[in-house]
Amino acid sequence: MSKSVLILPGDGIGPEIVTEAEKVLSALVEKHGLEISTEQGLIGGRAIDETGSPLPEETLALGKQSDAVLLGAVGGPKWDNIERSLRPERGLLAIRAGLDLYANLRPAILYKELAGASSLKPEVIDGLNILIVRELTGGIYFGEPRGIRTLEDGQREGFNTLVYKESEIERIARIAFDVAMKRNKKVCSVDKANVLEATELWREVVTHVSDDYPEVSLEHMYVDNAAMQLVRDPRQFDVIVTTNMFGDILSDLASMLTGSIGMLPSASLNAGGKGMYEPIHGSAPDIAGKNIANPLATIISVAMMLRYSLAEPAQADRIERAVQQVLANGLRTADIVSDGMTKVSTSEMGDAVVTSL
Ligand code: IPM
Ligand code: MG
């Protein structure tokens with residue numbers, strides 16, 4: 001049966017990189033028998049401009065009907081000064097919450113061809129393969145109360161709330177242990193249990209869930225130490241499971257171990273396996289429209305989508321092999337180019353991947 005994919009290009013470099021990912025999808029449909037249909041929707045700044053809302057109801061409804069969502073990126077300086085609840089990022093948070101995509105998988109894998117692009121020494125990152133499992137629909141990103149209020153003395157005070165229910169911790173912990181069983185059977189749970197009660201509970205619940213996974217070794221680490229260890233000796237990690245905000249920060253950090261944030265895909269899954277797939281980099285407004293952005297993170301996100309939500313693992317392998325091939329052939333976008341390599345544009349990179357399929 002044909003599957004449906006909702007495509008949300010978004011803002012900044014979003015439309016350019018998504019165009020390249022769509023080329024790859026169309027090539028699989030036309031030449032390799034993949035059966036999927038696609039539809040486009042509005043989100044983020046463009047949705048604000050055209051409908052007044054960063055997540056129009058129609059987009060959420062389309063997302064609910066589709067088997068998977070492919071997203072580019074949202075946000076940009078144009079919308080930075082509008083009312084908080086109407087900013088592009090709120091559209092992204094609202095679709096994550098609206099589709100209950102609580103499990104965010106962010107792999108940081110070193111492509112050996114790109115070892116030179118990392119700021120760390122090759123011997124520290126050789127063979128790096130970490131999976132960050134970030135809780136995505138709870139924690140301080142969604143906790144109430146939140147806001148900016150004026151105090152009696154006239155000054156303003158900003159406040160947010162870090163909350164986690166046992167059930168929210170338990171379900172993300174299970175995802176981490178389940179994926180660890182398919183990898184090196186090591187989970188590192190990252191918290192700040194020495195200071196924050198919400199993550200004291202986090203640590204307790206994760207430990208409890210680990211009883212069901214006797215083969216997986218569990219370690220706990222404070223987030224400050226984890227940031228340090230990720231730069232000192234990243235290969236000590238297999239699966240990292242952490243809260244929404246810590247995962248946001250650590251996944252950007254982990255991405256640079258691999259040379260470029262332009263290479264890293266992500267999957268955000270709900271309990272039923274529906275997923276939204278997006279590169280972890282943002283909308284990069286400074287380079288938007290110049291045809292220089294790296295489309296590979298989005299293209300690799302398509303591979304994740306085929307594997308996790310569309311039950312097409314062979315097609316996912318095909319994309320990943322094609323990306324590897326293109327890198328082996330020496331093609332590089334500006335963010336990963338080095339001496340002796342061939343610098344290509346966004347669209348040339350997409351075309352090269354299609355040719356390699
Ligand atoms: C990410 C981004 C988002 C987040 C922003 C754009 C709201 O940084 O996906 O990591 O903080 O989750
Ligand atoms: Mg982020």
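Indexing begins at 1, ligand by ligand and atom by atom, following the structure's order. Residues: numbered from 1 along the sequence shown.
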Can you produce the list of protein nitrogen or oxygen atoms under 3.5 Å from a nitrogen or oxygen of ligand 1, alongside each distance?
{"from": "ligand 1", "atom 1": "8 (O)", "to": "Asp248", "atom 2": "OD1", "distance (Å)": "3.2"}
{"from": "ligand 1", "atom 1": "9 (O)", "to": "Arg96", "atom 2": "NH2", "distance (Å)": "2.7"}
{"from": "ligand 1", "atom 1": "9 (O)", "to": "Arg106", "atom 2": "NH2", "distance (Å)": "2.8"}
{"from": "ligand 1", "atom 1": "10 (O)", "to": "Arg106", "atom 2": "NH1", "distance (Å)": "3.1"}
{"from": "ligand 1", "atom 1": "10 (O)", "to": "Arg106", "atom 2": "NH2", "distance (Å)": "3.2"}
{"from": "ligand 1", "atom 1": "10 (O)", "to": "Arg134", "atom 2": "NH1", "distance (Å)": "3.3"}
{"from": "ligand 1", "atom 1": "10 (O)", "to": "Asp248", "atom 2": "OD1", "distance (Å)": "2.8"}
{"from": "ligand 1", "atom 1": "11 (O)", "to": "Tyr141", "atom 2": "OH", "distance (Å)": "2.5"}
{"from": "ligand 1", "atom 1": "11 (O)", "to": "Asp248", "atom 2": "OD1", "distance (Å)": "3.4"}
{"from": "ligand 1", "atom 1": "12 (O)", "to": "Arg96", "atom 2": "NH1", "distance (Å)": "2.8"}
{"from": "ligand 1", "atom 1": "12 (O)", "to": "Arg134", "atom 2": "NH1", "distance (Å)": "3.3"}
{"from": "ligand 1", "atom 1": "12 (O)", "to": "Arg134", "atom 2": "NH2", "distance (Å)": "2.9"}

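No side-chain donor from either of Trp79 and Asp11 sits under 3.5 Å from a side-chain acceptor of the other. Checking Trp202 against Thr243 by side-chain atom types alone, no donor-acceptor pair falls below 3.5 Å. Asn129 and Arg183 form a side-chain donor-acceptor contact under 3.5 Å, judged by distance and modelled atom types alone.
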Extract all donor-acceptor atom pairs below 3.5 Å that involve side chains of residues 96-115 and protein atoms in other chains or at least two apart in sequence.
{"from": "Asn104", "atom 1": "OD1", "to": "Arg106", "atom 2": "NE", "distance (Å)": "2.7"}
{"from": "Asn104", "atom 1": "ND2", "to": "Ala267", "atom 2": "O", "distance (Å)": "3.2"}
{"from": "Asn104", "atom 1": "ND2", "to": "Ser268", "atom 2": "OG", "distance (Å)": "3.2"}
{"from": "Arg106", "atom 1": "NH1", "to": "Ser251", "atom 2": "OG", "distance (Å)": "2.9"}

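Backbone or side-chain N, O or S atoms of Asp252 do not reach the Mg ion (ligand 2) at under 2.8 Å.
Through side-chain heavy atoms spaced under 4.5 Å, either directly or across other Ile, Leu, Val, Met, Phe, Trp or Tyr residues, Phe159 is tied to no other residue. Leu42 belongs to no hydrophobic cluster, as no Ile, Leu, Val, Met, Phe, Trp or Tyr side chain comes under 4.5 Å of its own.
If you look at Asp248 and ask which of its N, O or S atoms sits nearest the Mg ion (ligand 2), the answer is OD1.
A cation-pi contact, defined as under 6.0 Å to the ring centre and within 45° of the axis, links Arg134 to Tyr141.
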